[in-house]
Amino acid sequence: MTPQYDYDLFVIGAGSGGVRAARFAAQDGKRVGICEDLRIGGTCVLRGCIPKKLLVYAAHYAHDFADAVAYGWDPVSPGHDWAKLVAHKNKETDRLNGVYINLLNGPGVKIHEGRGVITSPHTVQIGEETVSAEHILIATGGWPFVPDIPGKEYAITSNEALDLAERPERLIIVGGGYIAVEFAGIFASLGSKVTMVVRSKLLRGFDDDLGKELDEALQREGVTLAYGVNIAAIEKTPGGLVATMDDGSLLQADAIIYATGRHPNSRKMGLEDVGVDVGVGGEVKVNKYSQTNVPSIWAIGDITDRMNLTPVALYEAMCVLRSMFKDDPTAPDYDNVATAVFSSPPIGTVGLTEEQARATYGKVDIYKSRFRPLKHTLTKREHFTFMKMIVDPASDKVVGCHMIGDDSAEIAQGLGIALRCGATKAQFDATIGIHPTAAEEFVTMRTKEPD
Ligand code: NDP
């Protein structure tokens with residue numbers, strides 16, 4: 001029998017979520033096509049998590065050379081070659097682009113180069129070509145958003161910041177979210193004079209104590225934090241960029257990065273024409289199984305603006321395949337997803353913030369610890385680790401763990417398992433610590449903060 005459609009599944013967008021869904025469906029014997037209008041790999045691999053983390057590694061060396069002296073190493077005055085770093089980073093992202101193409105080719109996913117426009121519940125147009133599919137999966141992610149101000153064309157976003165030809169000596173970063181604090185750490189460590197323009201506070205949505213600790217840490221790194229102001233206009237002058245602030249003051253810079261959020265990539269995809277519900281922010285509306293109101297069209301990842309993290313998009317991809325093909329509707333469970341911010345120092349977090357926990361449970365027990373890590377007892381560097389645990393006293397369950405300090409991203413992963421398993425404070429306390437580590441503090445927190 002001739003199949004009714006060209007494909008069982010057609011995926012629009014070859015980023016982390018789209019590639020995961022396409023290749024696992026194909027491995028399972030489905031006929032799968034995918035289209036992409038940029039490079040295969042998507043934001044995380046090519047313009048986000050991976051290249052960003054490589055720059056974070058580069059930034060870490062700034063302290064290491066100086067700290068080594070306390071451990072008996074001869075002092076050195078290292079220089080840094082930004083262009084070399086960017087070239088090495090690009091070599092790695094090129095390699096990963098190839099890896100992702102192979103991940104699709106291996107199980108027989110057909111790659112269509114170009115932008116996909118949905119023309120009916122079962123058809124997608126890519127350039128001149130139209131393909132039909134039983135299921136269409138939208139996985140087109142998000143794109144940096146820059147507010148509409150005079151001179152916005154002089155601003156850059158994280159996309160361009162990763163590929164600057166030269167490292168800016170004077171840098172303004174607008175925003176106080178994940179991307180802003182990560183880039184502030186990278187550029188300040190490499191020697192740029194960084195000013196952050198933060199209209200409200202750092203890391204809104206995270207536990208408040210993390211933002212406060214990060215504020216102090218950034219200041220110790222020489223970052224200037226301008227709170228409660230915003231840029232009204234940007235001008236290009238022979239001496240560089242000049243930002244006129246909304247309080248009338250002027251700030252000069254060689255580059256201005258806007259890290260003011262990302263918007264779902266849903267425009268000009270034909271969604272309105274086929275009647276797919278799109279929210280006011282451009283997010284594709286889906287039910288708990290990642291299915292839109294048009295039953296043959298599904299969406300996963302940042303395009304749906306649920307929990308915008310790569311591992312969550314991968315997880316949504318696995319769930320959506322069960323819902324589509326296995327007669328097993330599977331809703332992702334978003335509780336206790338551990339996450340990290342690769343600021344300097346990094347943040348690891350899982351579960352509820354204190355504010356969320358108080359709203360959920362009323363009374364909660366809070367445990368905190370702040371200390372200078374062992375490594376810095378010799379270096380005398382003003383560098384601290386902060387940890388916080390939130391417990392529901394009624395059930396004794398640990399409902400939130402938050403950390404800022406070296407290795408916190410690595411530590412948060414293990415805490416994520418414990419919280420997913422519903423671990424209690426008594427079980428944390430009964431766990432033997434690994435000595436000497438920072439992580440052991442999470443199993444030796446004995447003193448509650450006063451109410
Ligand atoms: P966020 O939404 O996290 O932060 C945006 C920041 O910009 C906030 O501080 C916000 O302030 C501010 N802002 C928004 N609009 C304006 C404006 N018009 N003028 C001035 N400031 C403004 O976005 P990011 O760009 O940092 O990150 C986007 C996404 O990328 C996140 O959803 C995250 O999931 C993902 N990501 C994840 C990473 C990780 O897992 N480590 C790393 C990097 C990104 P206010 O708080 O007042 O709204």
Side-chain angles (χ1 to χ4, degrees), residues 15-17 42-56 141-152 155-162 172-186 195-206 208 210-211 214-215 218 225-234 243-247 251 256-265 281-283 301-316 334 337-350 353 403-404 408-410 412-413 416:
S16 302
T43 299
C44 175
V45 171
L46 304 172
R47 295 177 293 282
C49 326
I50 299 295
K52 176 275 311 285
K53 184 121 189 236
L54 295 175
L55 300 199
V56 168
W143 198 251
F145 150 78
V146 179
D148 210 4
I149 55 152
K152 73 180 269 194
I156 59 170
T157 68
S158 54
N159 289 348
E160 297 79 28
L162 290 165
I172 297 174
I173 300 178
V174 186
Y178 277 88
I179 297 181
V181 298
E182 292 182 341
F183 277 93
I186 291 167
T195 303
M196 293 186 72
V197 173
V198 183
R199 69 175 179 187
S200 53
K201 61 180 179 178
L202 290 184
L203 295 178
R204 189 162 58 80
F206 285 73
D208 273 345
L210 295 177
L214 184 60
D215 168 84
L218 284 168
L225 287 119
Y227 286 106
V229 285
N230 211 339
I231 296 182
I234 303 172
T244 305
M245 309 303 290
D246 54 10
D247 62 2
L251 273 181
I256 301 178
I257 301 176
Y258 268 79
T260 41
R262 296 172 59 85
H263 283 179
N265 239 337
E283 73 281 11
D302 290 8
I303 187 73
T304 61
D305 199 18
R306 287 176 286 183
M307 190 178 270
N308 299 337
L309 298 168
T310 295
V312 172
L314 301 178
Y315 171 45
E316 288 170 351
Y334 297 98
V337 173
T339 182
V341 184
F342 293 97
S343 45
S344 178
I347 287 172
T349 174
V350 56
T353 66
M403 173 174 177
I404 176 168
S408 57
E410 305 293 339
Q413 187 66 83

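Just the heavy atoms: all of them, side chains too, but no hydrogens, waters or symmetry mates, feed the values below. Counting begins at 1 with the first residue of the sequence. Read the numbers this way: they start at 1 and go in the same order the structure lists the ligands and their atoms. Computed from a prediction, not measured in an experiment: that's the story for all the values here.
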- Query: Mind checking whether Y334 and Y315 have parallel, tilted or perpendicular rings, split at 30° and 60°?
  - Reply: perpendicular
- Item | For D246, all residues meeting salt bridge (charged side-chain N to carboxylate O under 4.0 Å, His left out), sequence neighbours excluded | none
[atom]: the protein heavy-atom neighbour that sits closest, reported with distance to 0.1 Å:
| atom | result |
| --- | --- |
| atom 2 (O) of ligand 1 | G261 CA, 4.0 Å |
| atom 9 (O) of ligand 1 | G176 N, 2.7 Å |
| atom 47 (O) of ligand 1 | S200 OG, 2.4 Å |
| atom 48 (O) of ligand 1 | R204 NH2, 2.5 Å |
| atom 12 (C) of ligand 1 | G175 CA, 4.0 Å |
| atom 6 (C) of ligand 1 | A259 O, 3.5 Å |
| atom 41 (N) of ligand 1 | A340 O, 2.7 Å |
| atom 19 (N) of ligand 1 | N230 ND2, 2.9 Å |

- Message: Between Y227 and L202, is there a side-chain heavy-atom distance shorter than 4.5 Å?
- Response: yes
- Item | Sub-4.5 Å side-chain heavy-atom contact between M196 and L218 | yes
Of the choices [options], which has the non-hydrogen atom that lies closest to [atom]?
| atom | options | answer |
| --- | --- | --- |
| atom 35 (C) of ligand 1 | I231, N308, D148 | N308 |
| atom 40 (O) of ligand 1 | Y178, Y258, F145 | Y178 |
| atom 17 (C) of ligand 1 | R199, H263, R262, M307 | R199 |

- At a non-hydrogen distance cut-off of under 4.0 Å, which region of T260 contacts ligand 1 (side chain, backbone, both, or neither)? both
- Message: Taking 4.0 Å as the limit for heavy-atom contacts, which would you say applies to L202 with ligand 1: side chain only, backbone only, both, or neither?
- Response: neither
Distance under 4.0 Å to a non-hydrogen atom of [X]: what atoms of ligand 1 satisfy this?
| X | result |
| --- | --- |
| K52 | 42 (C) |
| G177 | 3 (O), 4 (O), 6 (C), 8 (C), 9 (O), 26 (O) |
| E182 | 41 (N), 42 (C), 43 (C) |

- Message: Between I347 and L203, does the side-chain contact (heavy atoms from CB on, under 4.5 Å) criterion hold? Intermediate values first, please.
- Response: CA-CA 11 Å; I347 287 172; L203 295 178; 3.4 Å; yes
- Query: Which of these passes side-chain contact (heavy atoms from CB on, under 4.5 Å) with Y258: I179, I234, I156, I172?
  - Reply: I234
- Query: Taking NZ, NE, NH1 and NH2 as the nitrogens, is one of them in K201 or D215 under 4.0 Å from a carboxylate oxygen of the other?
  - Reply: no
For [Y], does its backbone N or O pair with a side-chain atom of [X] as donor and acceptor, under 3.5 Å?
| X | Y | result |
| --- | --- | --- |
| E160 | T157 | yes |
| S16 | G42 | no |
| T244 | A232 | no |

- Query: Considering distance alone, does some N or O of I179 sit under 3.5 Å from an N or O of ligand 1?
  - Reply: yes
- Taking only residues two or more places apart in sequence or in another chain, which ones pass side-chain hydrogen bond (donor to acceptor under 3.5 Å, both in side chains) with T304? R306
